[in-house]
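First up is the structure itself, then whatever we jot down about it.
The figures that follow rest on heavy atoms only: side chains count, while hydrogens, waters and symmetry mates do not. Just so it is clear: chains get the letters A, B, ... in the order the sequence lines come, proteins before strands, and each one is counted from 1.
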Amino acid sequence: MRYSTYFIHTLFETPKEAETPSHIFLLRGCYIYPVAAGVYSLLPLGHRVAEKIKNIIRDELNAIAGLEITMPVLNPAELWKKTKRYFDIGQELIRFKDRKDREFVLAMTNEETVTDIAKHFLRSYRDLPVMLYHIQTKIRDEARPRGGLLRIREFFMKDAYSFHRDFEDLDAYYPRIFNAYLRIFARCGLNSIPIEADSGIMGGTGSHEFMLESPNGEDRFVVCTHCDYRANTEKAEGVKSTRDESIEAPPPREKIATPGVKTIADLVQCFGAGEADFLKTVAYDADGELVLAVIRGDYAISTAKLTNHLKAVHLDLASEELLAARGLHAGFLSPVGIKGTRMVMDTSIGKRDLFVAGANEIDMHYKNVLFGRDFEIDEKADIAEVREGDACLKCQQGSLRIGRGIELGHTFKLGTKYTAPDSMDVTYLDPAGEQKRVIMGCYGIGVERLMASVIERWHDDSGMIFPITIAPFQVAIVAIGKNPAVVDAAEKLYEQLSSRYEVLYDDRDESAGVKLKDADLLGFPIRVVISQKLLKENNVEMKIRKTGEVIICAQHALEATVEQIAEKLQPTLEGLPYMAE
RNA sequence: CGGGGCGUAGCGCAGACUGGUUAGCGCACCUGCCUUGGGAGCAGGGGGUCGGAGGUUCAAAUCCUCUCGCCCCGACCA
């Protein structure tokens with residue numbers, strides 16, 4: 001491809017809306033163009049990268065018997081009502097009516113349509129297992145798009161769905177998709193970290209997120225310093241030390257006036273004690289029901305864990321009205337004396353810990369509150385946010401470090417969420433002629449986010465550094481000067497290399513500086529330079545973008561050298577944290 | 001949805017506080033000359049409803065009200 005006839009308009013200055021490296025360079029390099037908040041066009045360079053990523057995904061999924069299909073974005077609302085997602089999902093799901101007043105939604109994933117296909121066609125155990133996937137536009141009205149391509153409202157997602165005879169078969173299949181994911185990210189040049197993810201009802205090893213550790217990521221996960229425990233903070237659990245003070249004769253509960261003292265920080269100041277000496281009670285509105293969550297003062301409540309524990313669809317802080325209806329007051333809440341209200345207690349509270357707690361009366365607290373004596377709660381669960389430095393629950397030896405990362409992909413053992421009788425009701429006949437329920441898994445990867453993540457990982461001050469597997473062009477040729485001999489030689493090299501590689505030949509009448517800077521910005525893995533000086537010795541120069549290494553070689557040896565370098569730049573698939581198949 | 005910031009040429013900015021010629025600068029773009037190893041030089045040129053609406057005024061990019069858009073932090077995120 002000749003630069004002069006291609007579509008590249010690089011920017012010297014950074015558009016002010018861009019802050020993260022991938023966003024800055026994608027805009028400056030003319031890979032993308034914004035259309036609206038969180039909506040982008042992919043320009044020729046960006047399009048090429050996206051297509052290459054898609055092809056890697058296809059390659060790996062086809063290798064594990066995945067079958068590519070295409071399902072529509074436009075879905076009848078009826079289908080989404082069957083699975084109840086129509087009601088469970090908030091405003092991210094775009095709903096509208098067609099000209100005949102029929103309700104539609106814009107699919108944000110395709111569980112409904114794919115399960116409908118499964119229900120229609122899969123009848124016998126002989127039809128299972130099967131994995132169907134597609135790479136299709138997804139539309140989500142995100143509350144806050146951010147970071148350029150990192151979180152957008154319309155994007156390509158590869159979503160795959162597998163159907164199985166039973167859980168054993170799903171368990172047997174799962175490592176194949178897990179390992180394919182590791183290979184996909186590795187082939188894109190990324191070292192992904194699989195972490196245990198919040199899997200709602202499934203539990204166990206039912207769900208993994210594949211993270212790229214990055215300061216610009218919006219997810220948090222824990223990593224054990226000692227063992228291989230890695231988990232999303234929404235699920236991660238650390239060891240909690242209950243104090244269990246050995247009090248022979250616990251002092252009696254005592255009421256104390258605490259005017260205006262509402263938060264744990266206020267209490268710490270007022271009582272001159274540590275955060276762990278207080279009982280924190282937070283009131284939630286769980287699908288309309290008032291729930292009190294009780295935790296030790298030095299922990300924060302994880303709304304994700306609490307939501308899962310309660311199996312709630314929507315969880316919000318309780319409104320003043322909801323509290324007032326029970327005669328309760330935020331800031332002075334406690335489980336002491338509460339009856340007829342659902343309460344959940346975190347495992348951080350020990351049987352023998354003395355606490356300061358609210359008195360459920362404005363401006364009043366209790367001292368010396370003891371679980372089992374001053375209040376009772378049957379429902380005990382881990383609802384605490386894990387903390388940096390907490391001991392690892394799995395190995396009991398390491399401590400937990402909290403990392404920030406970008407979620408590249410998600411694998412999920414769905415089970416019967418969509419095939420259940422109260423959902424889409426999908427069954428098959430087993431060899432004995434018995435009707436059995438189909439078991440499902442689903443697996444997703446966001447294409448644009450993956451592209452942006454690669455740049456987050458691979459860039460320097462000058463620009464992007466694409467892995468050779470997904471670079472829009474593997475080789476850039478820069479001719480310096482207009483000397484006919486140089487131009488002639490460059491044309492020849494271009495022709496020669498084009499037969500085996502994707503080459504961008506910078507044939508513009510631009511100064512050397514401009515061309516070299518552009519080649520750096522755009523991130524081509526191998527740069528070939530031809531100039532008068534080099535030509536005199538019958539040489540050409542090659543520079544490896546990733547390492548900065550410069551190689552001068554004889555013109556006739558160019559092709560062989562490029563091949564050598566290209567080979568060296570291939571990512572390795574050895575040593576990934578594969579799951580045993 | 002809460003908090004903060006910004007809207008003037010394709011991009012980056014000045015002008016606004018203190019209203020007043022024809023709204024300016026750099027980059028990019030077009031023409032010509034010249035130049036070619038790290039974002040050259042000279043000369044000429046095109047491009048603006050100052051985000052939008054309403055108001056104040058003899059006069060509004062500038063002051064007031066409303067509104068729309070974009071970015072960042074947080075909440076939220078099948």
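Among the atoms of the strands shown, base atoms are found under 4.0 Å from some heavy atom of A/V529. Using a 4.0 Å heavy-atom cutoff across all strands shown, A/A143 reaches at least one base atom of the nucleic acid. Base engagement by A/D518 is indicated by at least one non-hydrogen atom pair under 4.0 Å involving a base atom. If you check every strand for non-hydrogen atoms under 4.0 Å, A/Q532 touches nothing. Residue-level contact check: A/R527 touches the bases, meaning some heavy atom is under 4.0 Å from a base atom. Residue-level contact check: A/D520 touches the bases, meaning some heavy atom is under 4.0 Å from a base atom. Residue A/G147 is in sugar-phosphate contact alone, with no base atom involved, counting any heavy-atom pair closer than 4.0 Å across all strands shown. A/L534 comes within contact range of at least one nucleobase, with a heavy-atom separation under 4.0 Å. Using a 4.0 Å heavy-atom cutoff across all strands shown, A/A36 reaches sugar-phosphate atoms only and no base atom. As judged by a 4.0 angstrom heavy-atom cut-off over every strand, A/E510 is placed among the base-contacting residues.
Annotation: cation-pi geometry satisfied between A/R95 and A/Y86 (NZ/CZ under 6.0 angstrom from ring centroid, within 45° of ring axis). Relative to the ring axis of A/Y299, A/R387 places its NZ or CZ within 45° and under 6.0 Å from the centre. A cation-pi contact, defined as under 6.0 Å to the ring centre and within 45° of the axis, is absent between A/R2 and A/Y505. In this structure, A/R48 forms a cation-pi arrangement with A/F473, its terminal cationic atom sitting closer than 6.0 Å to the ring centre and no more than 45° off the ring axis. Because its NZ or CZ atom is not both nearer than 6.0 Å to the ring centre of A/Y133 and within 45° of the ring axis, A/K158 does not count as a cation-pi partner of that residue.
Rounded to whole Å, the distance from NZ on A/K543 to C1' on B/G37 is 11 Å. Rounding to whole angstrom units, CD1 of residue A/I24 and C1' of B/C72 are separated by 13 Å. As rounded to whole Å, 16 Å separates atom C1' of B/C29 from atom CZ of A/F12. To the nearest angstrom, C1' of B/A78 lies 15 Å from CG of A/L106. Distance, A/I301 CD1 to B/A75 P: 15 Å, rounded to whole Å. Across the protein-nucleic acid pair, A/D509 atom CG and B/G32 atom P stand 11 Å apart, rounded to whole Å. Between the CG atom of A/L150 and the C1' atom of B/C73 there is a distance of 16 Å, rounded to whole Å. Per the geometry, NZ belonging to A/K515 stands 8 Å off C1' belonging to B/U36, to the nearest Å.
In this structure B/C42 sits in a base pair with B/G32, meeting the Watson-Crick or G-U test at under 3.5 Å. Here B/G26 sits opposite B/C11 as a Watson-Crick or G-U wobble pair (both hydrogen-bonding atom distances under 3.5 Å).
A donor N or O paired with an acceptor N or O is found under 3.5 Å between the base of B/G37 and the side-chain atoms of A/S531. Under 3.5 Å, the side chain of A/R508 and the base of B/G39 form no donor-acceptor pair of N or O atoms.
As rounded to the nearest Å, B/C72 and B/A23 have P atoms that lie 35 Å from one another. B/A28 sits 12 Å from B/G39 when the P atoms are compared, rounded to a whole Å. Rounded to whole Å, the P atom of B/A14 lies 28 Å from the corresponding atom of B/C30. B/C70 and B/G26 are spaced 32 Å apart, taking the P atom of each and rounding to whole Å. Here, B/C1 and B/G46 have their C1' atoms 46 Å apart, quoted to the whole Å. When the P atom is used for both B/C71 and B/U8, the distance is 14 Å, rounded to whole Å. B/U22 sits 15 Å from B/A59 when the P atoms are compared, rounded to a whole Å. For the C1' atoms, the distance from B/G37 to B/G52 is 50 Å, rounded to whole Å.
Aromatic ring pairs are classed by plane angle as parallel below 30°, tilted from 30° to 60° and perpendicular above 60°; the pair A/H459 and A/F25 is tilted. Using cut-offs of 30° and 60° for the angle between ring planes, the A/H9 and A/F7 rings count as perpendicular.
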Derivation and outcome, ring pair (Phe, Tyr, Trp, His ring centres under 6.0 Å), residues A/F178 and A/F210: CA-CA 9 Å; A/F178 182 98; A/F210 292 74; 5.1 Å; yes
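OP1 or OP2 of B/C76 lies within a sub-4.0 Å distance of a side-chain N or O belonging to A/T303. Note on A/R144: a side-chain N or O is less than 4.0 Å away from OP1 or OP2 of B/C73.
When each of A/T20 and A/R146 is assigned the nucleotide of RNA chain B with its nearest heavy atom, A/T20 is the one assigned upstream, toward the 5' end. Residue A/E13 is the one, among A/E13 and A/K517, whose nearest nucleotide of RNA chain B lies closer to the 5' end (criterion: closest heavy atom).
Nearest nucleotide to the A/K482 side chain, out of B/A78, B/U36, B/C11: B/U36.
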